[in-house]
Amino acid sequence: MYEYDPLEIETKWQEFWLRNKTFQTPEDTEAPKYYVLDMFPYPSGSGLHVGHPEGYTATDIIARYKRMKGFNVLHPIGWDAFGLPAEQYAIRTGTHPRETTEKNIVRFREQLQMLGFSYDWDREVNTTDPDYYKWTQWIFLKLYEKGLAYQDEVAVNWCPELGTVLANEEVIDGKSEVGGFPVVRKPMRQWMLRITEYAEQLLDDLENLEWPESTKEMQRNWIGRSIGADIDFQVADHDEKINVFTTRPDTIFGATYMVLAPEHHLVEQLTTEEQRETVAEYKEKAALKSDLERQELSKDKTGVFTGAYAINPANNKEIPIWVADYVLVHYGTGAIMAVPGEDERDWEFAEKYDLPIIRTVEPPEDFEGKAYTGLGQTINSDFLNGLETEEAKLKIINWLEKNGVGKKSINYKLRDWLFSRQRYWGEPFPVIHVDGEPKPVLESELPVELPEIDDFQPTESGEPPLARAKDWVVTKDPETGKTALRETNTMPQWAGSCWYYLRYISPQFDEGPVEKSGEEYWMPVDLYVGGSEHSVLHLLYARFWHKVLYDCGVVSTKEPFKKLVHQGMILGEMEYTAYRKNGQYLRPSDAGGMDDVEKVKLTEKDIEKRQEKFVLKGTDIEVDAKAYKMSKSRGNVINPDQVVDQFGADSLRLYEMFMGPLEQVKPWSTKGVEGVYRFLNRVWRLIIDEESGEIQKNVEETEPDKEQLKVLHEAIRKVTEDIENMRFNTAISALMIFVNEANQWEKLPVSVLNTFVLLLSPFAPHLAEEMWSRLGNSESLVYEPWPEFNEEYLKEETVMYPVQINGKVRGEVHVPSDKAKAKDYVLAQARKEKNVQRYLDGTTVVKEIFVPGRIINIVVK
RNA sequence: GCCCGGGUGGCGGAAUUGGUAGACGCGCCGGAUUCAAAAUCCGGUGGUAGCGAUACCGUGCCGGUUCGAGUCCGGCCCCGGGUACCA
């Protein structure tokens, strides 16, 4: 027997491609280029997950398709290899992170090659390679030169468990994103990057990107631009002024008090003698609160009076100044004018502390809430009375500017990027400290390599692990000869991934991060595919660095990634669960909070659907039906190696693309893999006789007939269109339809099969290569021209029209194609149809709708 | 709370500018092959009624626009993701 043996043919072609460097990126710049990029993986110890091949298969299909369309394709892969897990493993076992990382990379590379991806393996990058991070450090020096990198004593998110600080984005609900450990606030000296400098550009340039709207929106929200005014409030009996930011300057007449954040620099000076103790106590309490506590307590507002008063510049009234932690020191100016009538938070606070409330916007008649935050007519506001909100804003800003007490202003939520970590396994900063002052390392001294150490824990004094390498830390300033200390913080994992897409263009280039002409040819990335979990972090940071590099003249485009697509998560197989306690079944909705609930795992055979719910077969017992995120603890992780072992890489690729739209979250189904495996078997048997292992007898060098051309060209049309639009599931369905049809043909023209094999090749490249060579072609099909479809072959001899009476289909008529557009003829034929006549009998025709090539609708009374 | 997505058979999902809802695959049912099974092949498969032609119902719910709505508009419900005192 000569059955379809995926393992044999896949190994054969993978070796062929590697040996012949089939996917080596072309050096010429004649042809149009296409740069298709995957988000490179962190090579974890657990190996490839079925989620990885999803995006990678999608980009691989595009890469293979574009090559056949005559593009020069850049399709690289690499390793985002710095990171916590290898370091934590090192702390536990003493194994150097480099060793762990190298081992994991070998495994990942093997797994990716086993799936037949058409990467150019000569362009692999590795962020932990000194030849790579040399340029990460180089870019840091550029940031430093431009004043975009600075040190600051900041209250940081310190995670004692991990022994490091975390960026705000890495803290979720007061816990570390990695590991879920508690995070506390702690003032520390840190490196910061001035991403806020680029807030405006990062926001504006989103507009022209072909990115998912939701991702753009997330970045917009993250940057958080708001337009309003800065206003000065003179403090009564003081020289000081309090500057506030507000988006509602039109409500200034309703500002009945002010609030400073506990950390505001004027709190000390303004507090009166009587209030000193109360305020000091309050400040202390606020400082001790962790992020988590702040969020939990956010419902109940607290604050204390400073004893001081400010003067509202609009009406010269004295209003009290309070301190409260519902005002955040790092947003706006850290102080607000409180307008309880128009702001829910201020209303809540005013109610609690019995402060006056004045409405300055007329709420709608049916308005029932407390603070009215909407727009409307201005009231109780002297010269603004009667104006609509937008007009009032303009007028008051004008007035403020004229009187020198305020001006129009734009504020961003975005904060500077906390860029240092107290870790070993990251890029060392190219910085030395001389006499306590930071000094950049000379470019010629790069890379600053990681020193060898044997204990990866932070030191007893709480310094980063690098401080253990004393010989490395203590150095000399080459310029002055003075003793200098190296920076012992390292860069966060995001650093290496901020520019890796540039390194692929010229991975060996040693005069800069990227070679100029290559950059000009290949950039921007035409298609970037990766998870939506990187919507803000990686994608915002990378855009920021890119813009800095643009300003430095290193890159020629303002944006790195032209088109972005997120693949949806693959969930575990569907699970059916019934809940039982003390022998009694429970409703899933009740079982949630209870103890000692027994979960009964069921299979599809045990259940049936009743109305909206699943129940235990033959009973009323409700059953939970849900697909869960794959996780080790749940035991529902699907291992790609096993799928490949059982069905082959082509089946895995094909199944992951056939599951549904790429962007969508979808559950795994082993039965579904079997389905596409059966399809590939049918392809095999269509061409190969399993008895003899030879080409089927009915495969001949004949001219295809009309029907065959029609079926083939329909497949070409559909597959081409669907690949262009990344609708891989329906493209595969079109291939299946072709095979179903072809299976019924008596004779199979070789030319038709050749074309079909080309259509199949981006999806199932191994089987396609095998069929291609067995059909008598000598070269690999990778650079064969993509089939063109011919409209002529798609024409039908007759056209079918559904016939509706009053919008309901009552029959259909077939008319010759040449008469298909003749309204009168087609309608006449329609009226002759038996069932249609039945409905026309005894009625009057009111209207006849004729949509050429589509439908007929006869409206009767 | 706010901002984005999304609700279509038993399941994953198809459906051009509004034009026959359910392509393709899974599952299920029936048949062929087989000593039997697996594999394979053929046929059927939204629900209800009917031997059948056919009819009625059907794309989360309620209403609207239209000759015609899964698709457009208004109001809700549910699920998923993001975000949260951002002045």
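Naming: A, B, ... by sequence-line order, numbering from 1 per chain.
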Query - Salt-bridge present (Glu207(A), Lys216(A); N to O < 4.0 Å) - result: no

**Report entry** Nearest-Å distance once atom C1' is located in both C41(B) and U54(B)
**Finding:** 33 Å

**Report entry** Side-chain ion pair, Arg717(A) and Glu791(A), N-O less than 4.0 Å
**Finding:** no

Report summary line: From the candidates C3(B), G13(B), A23(B), the one with an atom nearest any side-chain atom of Asn729(A) is G13(B)

Report summary line: When rounded to whole Å, the CE to C1' distance for the pair Met218(A) and C3(B) reads 10 Å

Report task. Answer with base, sugar-phosphate or nothing: what part of the nucleic acid does Asn740(A) contact at a heavy-atom distance below 4.0 Å? Result -> sugar-phosphate

Report task. Tell which nucleotide pairs with G27(B), taking only Watson-Crick or G-U wobble pairs whose two distances are both under 3.5 angstrom. Result -> U45(B)

Query raised in the report: Taking CD1 from Ile858(A) and P from G19(B), how many angstroms apart are they, rounded to a whole number?
Result: 20 Å

Query - Among G68(B), G27(B), G25(B), the one nearest Arg678(A) by side-chain distance - result: G27(B)

Query - Leu571(A) CG to C79(B) C1', straight-line distance once rounded to whole Å - result: 13 Å

**Report entry** Listed nucleotide nearest any side-chain atom of Val327(A), set A87(B), A14(B), C85(B)
**Finding:** A87(B)

**Report entry** 5′-ward residue of the pair Glu213(A)/Asn857(A) relative to RNA chain B
**Finding:** Glu213(A)

**Report entry** Presence of salt bridge, Lys666(A) and Glu656(A), under 4.0 angstrom
**Finding:** no

Report task. Give one of base, sugar-phosphate or nothing for Gln804(A), where a contact means two heavy atoms less than 4.0 Å apart. Result -> base

Query raised in the report: Given that both distances must come in under 3.5 Å, which nucleotide forms a Watson-Crick or G-U wobble pair with U17(B)?
Result: none

Query raised in the report: Is it true that Lys370(A) and Glu344(A) have a side-chain N and a carboxylate O under 4.0 angstrom from each other?
Result: no

Report task. Have a look at Ser669(A) and say if it touches a base, only the backbone sugar-phosphate, or nothing, with a 4.0 Å heavy-atom cut-off. Result -> nothing

Report summary line: Which of G19(B), C11(B), A55(B) is nearest the side chain of Phe614(A)? It is C11(B)

Query raised in the report: Do other residues, nucleotides or ligands put more than 12 heavy atoms under 6.0 Å from Lys352(A) NZ?
Result: yes

**Report entry** Candidates G25(B), C3(B), C85(B) - which lies nearest the side chain of Arg682(A)
**Finding:** G25(B)

Query - Per Lys666(A) side chain, nearest of listed nucleotides A23(B), C56(B), G13(B) - result: G13(B)

Query raised in the report: At what distance, to the nearest 0.5 angstrom, does OG1 of Thr720(A) lie from CG of Asn725(A)?
Result: 11.0 Å

Query raised in the report: Just how far, in rounded Å, is C1' of G22(B) from CD1 of Ile737(A)?
Result: 13 Å

Requested in this report: Just compare A87(B), C24(B), C85(B) and give me whichever is closest to any side-chain atom of Phe658(A).
Outcome: C24(B)

**Report entry** Nearest-nucleotide pick for Ser733(A), side chain only, options being G12(B), C26(B), A23(B)
**Finding:** A23(B)

**Report entry** Rounded distance (Å) that lies between atom P of G25(B) and atom CZ of Phe738(A)
**Finding:** 15 Å

Query raised in the report: With nearest nucleotides of RNA chain B determined for Arg838(A) and Phe245(A) from heavy-atom distances, which residue corresponds to the more 5′ nucleotide?
Result: Arg838(A)

Report summary line: As its Watson-Crick or G-U partner within any shown strand, both distances under 3.5 Å, G1(B) has U83(B)

Report task. Sticking with atom P, work out how far G22(B) lies from G58(B), rounded to a whole angstrom. Result -> 16 Å

Query - Whole-angstrom distance between C3(B) and U71(B), as gauged at atom P - result: 23 Å

Requested in this report: Answer yes or no: side-chain N or O of Arg854(A) and base N or O of U16(B) forming a donor-acceptor pair under 3.5 Å.
Outcome: yes

Report summary line: Of G27(B), G13(B), A87(B), the nucleotide closest to the side chain of Lys671(A) is G27(B)

Report task. Choose from G19(B), C57(B), G25(B) the nucleotide whose nearest atom is closest to any side-chain atom of Met736(A). Result -> G25(B)

